[in-house]
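Just the heavy atoms: all of them, side chains too, but no hydrogens, waters or symmetry mates, feed the values below. The chains referred to below are lettered A, B, ... by the order of the sequence lines, with proteins before strands, and numbering in each begins at 1.
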Amino acid sequence: QQQVKQSPQSLIVQKGGIPIINCAYENTAFDYFPWYQQFPGKGPALLIAIRPDVSEKKEGRFTISFNKSAKQFSLHIMDSQPGDSATYFCAATESSGGSYIPTFGRGTSLIVHP
Amino acid sequence: NAGVTQTPKFQVLKTGQSMTLQCAQDMNHEYMSWYRQDPGMGLRLIHYSVGAGITDQGEVPNGYNVSRSTTEDFPLRLLSAAPSQTSVYFCASSGAGWKRTDTQYFGPGTRLTVL
């Protein structure tokens, strides 16, 4: 059972475009929602994260939008650049569960053309 | 700090061979975990540990063993390699308790091919 569903699986945009990656979750106990960025040949690294007490968080060109009632959250990349080409994973964690092990979406491969 | 280190970076095995993937972290993190990454499948949890001497199974544990004798090290053992275990393996760590970090810190990965 896939607890965090991520879409689309792949995404191609032109430089300057605004790619949007969406995630939906089932477990209402999730209370931490990070996004990880992975470049080819590297391990994933935290990009930005949000908690359910806010509806939006911005860090530079990256924005998370969070809809608690719909159990959905999304990543927007403003003014995308070729250097943003990477695989993006959303995740969700239940802090009270004790293990703090996140559940990951299946990833979105983003290509930004010059 | 070196963060999370993994060795080897690449490995080729024959079916039936055994090997150990090494993982070490120098951040004094309690939590460590192993993931495998396959195309279209994302990151799937194999095993994890919430502290020295404590391990538990993740989503895809079959064919893998782990142990956690120290806080720093969390090796992953393939008992009898199969072609289905061809994948990229990532180790990750995070802090707990008063050192808690919600962020997972990933190693650079080990690319394993089983022939």
Return the option, out of B:Ala92, B:Gly42, B:Ser49, with the maximum number of heavy-atom pairs under 4.5 Å with chain A. B:Gly42

Here's a test for you: under side-chain contact (heavy atoms from CB on, under 4.5 Å), which of A:Ile12, A:Thr87, A:Val13 qualifies with A:Leu110? A:Val13

Donor-acceptor contact below 3.5 Å, side chain B:Arg68 vs main chain B:Gly53: no

Result of checking B:Tyr105, B:Phe74, B:Tyr48 against B:His29 for ring pair (Phe, Tyr, Trp, His ring centres under 6.0 Å): B:Tyr105

Interatomic distance, A:Phe66 atom CZ to A:Asp53 atom CG [nearest 0.5 angstrom]: 9.0 Å

Determine the interplanar angle of the A:Tyr25 and A:Phe73 rings, folded into 0 to 90°, and report it as parallel if under 30°, tilted if 30 to 60°, perpendicular if over 60°. tilted

For chain B, find which of A:Pro34, A:Gly43, A:Ala91 contributes the most heavy-atom pairs closer than 4.5 angstrom. A:Gly43

I'd like to know if A:Lys15 and A:Asp79 make a salt bridge, using a cut-off of under 4.0 Å between side-chain N and carboxylate O. no

Does anything in residues 106-115 of chain B get under 4.5 Å of chain A by heavy atoms, and if so which residues? B:Phe106, B:Gly107, B:Pro108

Considering only heavy atoms from C-beta outward, does the side chain of B:His47 approach that of B:Thr55 to under 4.5 Å? no

With a 4.5 angstrom heavy-atom cut-off, could you sort out which part of B:Gln6 is near chain A: side chain, backbone, both or neither? neither

